Amino acid sequence: MSEKIRVLISEEEIEQRICEMGKEISECYHGEPVHLVSVLKGGVFFTCELAKRLTIPVSIDFMSVSSYGNDTKSSGVVKIVKDLDEVVEGKNVLVVEDIVDSGRTLSYLLENLKSRKPKSLRLCTLLDKPERRVTDVQVDYTGFAIPDEFVVGYGLDYMQHYRNLPYVGVVELDA
Ligand code: IMP
Ligand code: MG
């Protein structure tokens with residue numbers, strides 16, 4: 001079995017959207033510092049590009065979570081594989097994710113971070129698949145809403161491949 005990648009969102013479209021998001025987010029925080037919590041591994045590409053477009057003071061930390069489930073469905077049972085290095089208490093925390101799918105991973109993560117008493121807690125995602133949502137996770141900033149298709153690139157993987165693609169594409173399997 002091999003797979004082909006069909007471009008869904010081009011590199012140019014992504015760059016342009018991230019510029020817009022950077023502007024919007026910078027305005028929302030009114031000059032206050034923002035503490036980006038990037039979700040490894042997929043969120044890293046988006047985090048770096050977004051951070052470059054923010055005009056407010058920025059700090060960055062990383063967290064890695066794994067959900068127990070098969071490759072294409074998350075179970076909602078989440079384990080913290082790598083926790084943050086710094087405390088978030090009193091900070092304006094902005095979680096930066098590659099994609100919100102069922103929302104289970106983010107629901108857990110947001111609850112967990114909330115208990116650490118940040119000054120504010122918001123969620124920013126490059127991609128959103130609203131049709132797939134099973135929890136009522138609130139997304140504050142969305143790059144693109146996409147249909148229910150499995151996508152790769154810009155941090156997203158298919159069996160750990162394709163994260164490095166500069167665009168977002170749909171995996172098309174042909175037997
Ligand atoms: P959720 O808990 O169902 O929202 O799952 C979120 C995680 O599943 C994301 O952070 C991705 O790692 C992964 N995921 C969901 N949809 C896709 C996709 O289309 N391509 C690649 N990974 C995906
Ligand atoms: Mg992710």
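Bear in mind that the values here come from a model prediction, so they are computed numbers and not experimental data. Note that ligands are numbered from 1 as they come in the structure, with each ligand's atoms numbered from 1 the same way.
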field: Heavy-atom donor-acceptor pair, Thr125 side chain to Asp128 backbone, under 3.5 Å
entry: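 No.
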field: Selection residues 53-65 - residue pairs positive for side-chain hydrogen bond (donor to acceptor under 3.5 Å, both in side chains), sequence neighbours left out
entry: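 Every pair satisfying side-chain hydrogen bond (donor to acceptor under 3.5 Å, both in side chains) with a residue in residues 53-65: Ser26-Thr55, His35-Ser59.
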- request: Take Phe62 and Val44 through the test side-chain contact (heavy atoms from CB on, under 4.5 Å) and record every step on the way to the result.
  value: CA-CA 9 Å; Phe62 299 92; Val44 168; 4.2 Å; yes
- prompt: Would Asp157 count as a contact of ligand 1 if the rule is a heavy atom under 4.0 Å away?
  reply: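 Yes, Asp157 has heavy atoms under 4.0 Å from ligand 1.
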Element-labelled atoms of ligand 1 that are located less than 4.0 Å from some non-hydrogen atom of [X]:
X      : value
Glu97  : 10 (O)
Glu149 : 19 (O)
Lys129 : 16 (N), 17 (C), 18 (C), 19 (O)

- request: Decide yes or no for Asp98 and Phe45: does some side-chain heavy atom of the first lie under 4.5 Å from some side-chain heavy atom of the second?
  value: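 A side-chain contact is absent here, since even the closest heavy-atom pair is not under 4.5 Å.
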task: Report the member of Ser102, Ser107, Gly155, Gly103 with the shortest heavy-atom distance to atom 3 (O) of ligand 1.
output: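 Closest candidate by heavy-atom distance is Ser102.
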- request: Using the test side-chain contact (heavy atoms from CB on, under 4.5 Å), find all partners of Val87 that sit at least two apart in sequence or belong to another chain.
  value: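 Val87 satisfies side-chain contact (heavy atoms from CB on, under 4.5 Å) with no residue once adjacent residues are dropped.
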- prompt: If you measure from each non-hydrogen atom of Leu106 to ligand 1, which part falls under 4.0 Å: side chain, backbone, both or neither?
  reply: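 The answer is neither; Leu106 stays 4.0 Å or more away.
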field: ligand 1 contact on Leu156 by region, counting heavy-atom pairs under 4.0 Å
entry: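 The answer is the side chain of Leu156.
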